[in-house]
2 protein chains.
Amino acid sequence: MAKKKGEEPGLSTEEKIKAAAQRVFMKKGYAATRTRDIAEEADINLALLNYYFRSKEKLFDLIMMEKLSKFFGGIAPVLNDPGTTLEQKFTLVSNNYIDLLIANPDLPLFILSEVRTNPERFVSNLPVAKIIDSSFIKQLQERQPDVHPLHFLMNLLGLSVFPFIMRPVFRASGVMSDKMFKTRMEERKAAIPKWMVAMLKAR
Amino acid sequence: MAKKKGEEPGLSTEEKIKAAAQRVFMKKGYAATRTRDIAEEADINLALLNYYFRSKEKLFDLIMMEKLSKFFGGIAPVLNDPGTTLEQKFTLVSNNYIDLLIANPDLPLFILSEVRTNPERFVSNLPVAKIIDSSFIKQLQERQPDVHPLHFLMNLLGLSVFPFIMRPVFRASGVMSDKMFKTRMEERKAAIPKWMVAMLKAR
DNA sequence: GTCTATAACCTGATAGAC
DNA sequence: GTCTATCAGGTTATAGAC
C-alpha cells in the first residue's frame, strides 16, 4: 500500500494539483507525463486539472517558469554586484547553488532536459545575456587577461552544478549513496572557491 | 524546400531508419519522438520501422546502448591504466571527451536526460562502479590525501563535459555562437590538465 | 521488401449531471 | 467545485495485397 504523497490536508485542490504536477513533471519530463499521472498523484479527479489550469501545457509552463527563475534568478544579481570581490563571488555562487541543489537535486537536469527540446521558448526571455558585461566578467579579465573569462564562468558553474547532473548515474551505479553524495556536496562549498583561485593562477 | 537528411544513396533501408532514429531520438528524446517522425526523417514507409526493428522501444534500446558505450566506454580503460601518470590521465580524459563531444555535442544531455527517467534500466549494466578502485582513484589518494578522490573525478568530468550540457542555454541566449563555442572547447583541451594540477595543490 | 489500410489502444480535453 | 461519461484525435503496431 504505497502511501500517496500530496495528501497534506491544508492544501487546496488547486495547490494539490500544482504540487503533484511539479513532482511528476520533474521526475518524468513533459512529454512522458500524462495528465492522468498528475491527477493520480494529486489524488483528485482528472477533470479538475483542466478546470483549474486549462491544459497540460499551461500547467507545465507555469511550473517551468518558476523552476527557471529558481535556477537562473539567483545568479545574475551576484555576478552583477560591483561591490563584491572575485573571491566573494566564487563563494556566493557556489554556496548558493549547492544549498539550492541539495534541497532540489533534480532541478538542473529537469531544466536542461526541457530547455534542450525547446531552447528558444524557455531561454529567450531569460537574463542570461546580461552575464557577458557583468562585473564578474570584468573582474576576471583584469585578474587573468590570458584566459577568456567565460572559461572561469563555465568552471564555476560546472564545479557547482555538474555533480547534481551526474547524480542519477552515481546513484544507480552504486558509486555513491545519497548520504555520501550530500557529504561530498557540503565539502565542495568550502573547496570550490579555493579551486577557483588556484585555477586563476595556474599556468 | 528543406533538404532531407539521411538520403545518402549508399545506405540500406535498415541503415537509413537507424540513422534517422538516432537524429530524432537525440533531438527530441524517447517520449516526444513519434515513429512517424523517424519514418519521415528516413524517407521510408512507416511499416518498415516495425518490420526491421519490431518496435519503437527496441529501436531506441539499440541506439541507447550504442550511445552509452560511446559516452562511458572510453573512460574506464584510461582511468584503470596503471602505466600512466595522474597528469597523463587528466590530459587523456579531457582531450578524449572534448574531441568526442565536439563531434557529438548533444550526446551528454541526451544520455543523462534518458538515464534520469530510467536510471536502473540503463546504468545498472555499465562498468561505472569499477571506477571506485581504479588506478586513477589510487593515484589521487596518494597525491592529495586530504580531499576525497571523487571530488577530482567530478571536477575532471565537470570541466570537460559541463560546457556541452549548458550549450543549448548559451546558444539560445546568444552568449556564445557555435563557432565561438568550439574555439573555447579547443582551448580547454590544454587548459583543463593545468587546472586539475592547480586544484590538486590548492589549499 | 515495401506498400495501404486498419486495428487496438491511449491521451488530452470537455459536456453535463450533481 | 467535483464527478462520470465520453468524444475527437493521435499513436504504435500489424494484416494482407503487391
Side-chain angles (χ1 to χ4, degrees), chain A residues 4-67 110 113-114 117-118 121-122, chain B residues 4-65 110 113-114 117-118 121-122:
Chain A
K4 290 264 172 56
K5 302 167 191 173
E7 282 183 353
E8 295 90 311
L11 294 179
S12 70
T13 301
E14 187 171 357
E15 290 166 332
K16 271 164 65 178
I17 296 172
K18 196 177 156 189
Q22 296 206 29
R23 290 194 294 273
V24 181
F25 279 139
M26 292 271 283
K27 188 181 173 193
K28 321 214 307 181
Y30 176 77
T33 295
R34 298 168 306 149
T35 52
R36 282 166 172 80
D37 297 333
I38 297 173
E40 205 175 315
E41 172 84 13
D43 200 32
I44 53 101
N45 187 282
L46 174 58
L48 293 176
L49 190 152
N50 295 88
Y51 175 77
Y52 282 106
F53 297 97
R54 298 270 307 166
S55 73
K56 175 190 173 185
E57 198 178 1
K58 286 216 175 19
L59 174 55
F60 179 78
D61 281 2
L62 183 75
I63 290 167
M64 185 66 178
M65 290 309 160
E66 289 184 10
K67 300 295 179 191
F110 166 73
S113 298
E114 300 295 340
T117 66
N118 233 325
R121 180 173 171 201
F122 295 123
Chain B
K4 290 265 172 56
K5 302 168 189 173
E7 280 182 354
E8 297 89 311
L11 294 178
S12 70
T13 301
E14 186 171 357
E15 291 166 332
K16 272 165 63 179
I17 296 172
K18 196 176 155 189
Q22 296 204 30
R23 290 194 294 272
V24 181
F25 280 140
M26 292 271 282
K27 188 181 173 193
K28 322 216 304 183
Y30 176 77
T33 295
R34 298 168 308 149
T35 52
R36 281 169 171 78
D37 298 332
I38 298 173
E40 204 176 316
E41 172 84 13
D43 199 32
I44 53 102
N45 186 282
L46 175 58
L48 292 176
L49 190 152
N50 295 89
Y51 174 78
Y52 282 106
F53 297 97
R54 297 272 306 168
S55 71
K56 174 189 172 184
E57 197 179 0
K58 286 217 174 21
L59 175 55
F60 179 78
D61 281 3
L62 184 74
I63 289 167
M64 185 66 178
M65 290 308 160
F110 167 74
S113 296
E114 299 295 340
T117 67
N118 233 325
R121 179 172 171 202
F122 295 124

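Just so it is clear, the structure is predicted and the values come from calculations on it, not from any experiment. What you see below is based on every heavy atom in this structure, not just the backbone, and it leaves out hydrogens, waters and symmetry mates. Proteins come first, then strands; the chains are lettered A, B, ... in the order of their sequence lines, and each starts at number 1.
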**OP:** Report the distance from atom CD of Glu57(B) to atom P of dA13(D), rounded to the nearest whole Å.
**Re:** 8 Å

Subject >> SB check Glu57(A) Arg121(A) (cutoff 4.0 Å) >> reply: yes

**OP:** Can you tell me the distance, in whole Å, between the CG atom of Leu49(A) and the P atom of dG1(D)?
**Re:** 15 Å

Subject >> Whole angstrom value for the distance that separates C1' of dA13(C) from CD1 of Ile17(A) >> reply: 14 Å

**OP:** Have a look at Tyr52(B) and say if it touches a base, only the backbone sugar-phosphate, or nothing, with a 4.0 Å heavy-atom cut-off.
**Re:** sugar-phosphate

**OP:** Could you give me the CA-CA distance, side-chain angles and deciding distance for Ile38(A) and Leu59(A), then say whether side-chain contact (heavy atoms from CB on, under 4.5 Å) is met?
**Re:** CA-CA 11 Å; Ile38(A) 297 173; Leu59(A) 174 55; 4.3 Å; yes

Original post:
Within this structure, what is the CZ-to-P distance between Phe60(A) and dT11(C), rounded to whole angstrom?
Top reply: 18 Å

Original post:
Whole Å only: how far is the CD atom of Glu15(A) from the C1' atom of dG1(D)?
Top reply: 15 Å

**OP:** Round to the nearest Å and state the distance from Leu59(B) atom CG to dT12(D) atom C1'.
**Re:** 13 Å

**OP:** Provide, to the nearest angstrom, the distance between the CD atom belonging to Glu14(B) and the C1' atom belonging to dT2(C).
**Re:** 14 Å

**OP:** May I have the distance from Lys56(B) (atom NZ) to dC10(C) (atom P), rounded to whole angstrom?
**Re:** 14 Å

**OP:** Heavy atoms only: give me the nearest Lys16(B)-Asp43(B) pair and the separation to one decimal.
**Re:** NZ-O, 4.3 Å

Original post:
Quick one: do Asp61(B) and Lys58(B) make a salt bridge, cutoff under 4.0 Å?
Top reply: no

Subject >> Ion pair Lys18(A)/Glu66(A), N-O distance below 4.0 Å >> reply: yes

Subject >> Thr13(B), nearest nucleotide to its side chain (from dT2(C), dA13(C), dT4(C)) >> reply: dT2(C)

Show each protein N/O and nucleotides 14-18 of chain D N/O combination with a separation under 3.5 Å, one pair to a line.
none

**OP:** Pull out every residue in residues 27-36 of chain B that has a heavy atom closer than 4.0 Å to any atom of DNA chain C, ordered by number, or say none.
**Re:** none

Original post:
Can any side-chain N or O of Lys56(A) pair as donor or acceptor with the backbone N or O of Tyr30(A) at less than 3.5 Å?
Top reply: yes

Subject >> Whether over 12 other heavy atoms sit under 6.0 Å from Lys28(B) NZ >> reply: yes

Subject >> Within the 6.0 Å centroid threshold, strictly below: Phe110(B) and Phe25(B) >> reply: no

**OP:** Return the minimal non-hydrogen interatomic distance between Leu46(A) and Ala39(A), and the atom names on each side.
**Re:** CA-CB, 3.8 Å

